[in-house]
Amino acid sequence: MASEFELIARHFTPATPGPQAGVAFGVGDDCAMLAPRPGLRLAVSVDTSVANVHFPADAPPEAIGYRALAVSLSDLAAMGAEPRWCLMALALNEDDDAWLAEFARGFHGLCRTSGTALVGGDVTRGELAIGVTVMGEVPPDLALSRAGARRGDVLAVTGALGGGAGGLVLWRRGERDLAHPLLARYLMPQPRLAAGLALRDLAHAAIDISDGLLADLEHLLAASRLGARLEADALPLAEGLVEALGGEEAHRAALSGGDDYELLVSLPATALDEATRRLAGLGLSLTPIGVTSTERGVAGVALDGHHGWQHFQGGGE
Ligand SMILES: [Mg+2]
């Protein structure tokens, strides 16, 4: 195996050397030195993606690199934070230069399009796993927490639901075309960063849907000490989901499937039109799916004990 230094130098040095915004020095010294803008809070989150738990080990390496960063950035989106920097720790078994090059291409590609600078990395030998820490900036009074929802708020979701779970089912069936909309949703999810920024002065609370709509809704409601009534028929289903899974399973995927990385926001009814208009300007839909209430629990959907997130597991369905 090439030395850690060689691997980092070859694949994880910024594509365009030179000063990066807010980075006094980045990859290559003992620490990165960062310069957050005065007056802003630093929002920080870490996620670890483990092969055959969070993604298939034989997924395209470009997608694995992209996805590892995307799932972390999704947490910044949910806070209304603007991404600035990330750190990446990679464990891998083989010294496969072509694999690493593709992995780095996916990772750096999303760094570029999201405005995130990779400021430090660590490569070690082990079962394939990627830990990504992201740091973003947000004005203190605009950060979206899970705890801010208020009674009578409208609950709304960006984009469409069930695509992550649908893509996982297709992957297990042998579908390998990343152009398939469901597989793209599963392996190349788009963190809703622009939506988080657009909604942060309108919404009372937000969470990203990583564990499934119901599970994450319950996190938001618990933090806000509220309940909700959902309109089950209002859930926006991902493109191709009903065709792939059938109506009943599609509905279940939208309610309980993981890996969607859409935002669930709680906002005053009076702000819904403006919020919808802003997201339309970003090419993204915002769908009201229910309202908060003081009665605890979630009404309006049939819970069947299946809800919650299902990790990827190798093998058949
Ligand atoms: Mg989250």
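Nothing fancy with the numbering, it's 1 onward along the sequence. Whatever order the structure lists them in is the order used to number ligands and atoms, beginning at 1.
- Checking side-chain atoms of Thr158 against main-chain N and O of Leu263 turns up a donor-acceptor pair under 3.5 Å.
- For the ring-ring contact (aromatic ring centres under 6.0 Å, His included) test, residues two or more places apart in sequence or in another chain that qualify with Phe103 are Trp99.
- Excluding waters, the set of protein N/O/S atoms under 2.8 Å from the Mg ion (ligand 1) reads Asp75 OD1, Asp208 OD1.
- Among residues at least two apart or in separate chains, side-chain hydrogen bond (donor to acceptor under 3.5 Å, both in side chains) pairs with a member in residues 223-249 are Glu249-Arg252.
- Without hydrogens or angle criteria, Arg84 side chain to Thr116 main chain gives no donor-acceptor distance under 3.5 Å.
- Taking the salt bridge (charged side-chain N to carboxylate O under 4.0 Å, His left out) definition, one finds that Asp96 meets it with nothing, sequence neighbours left out.
- Remark: Arg200 does not engage Glu82 in a salt bridge, criterion side-chain N to carboxylate O under 4.0 Å.
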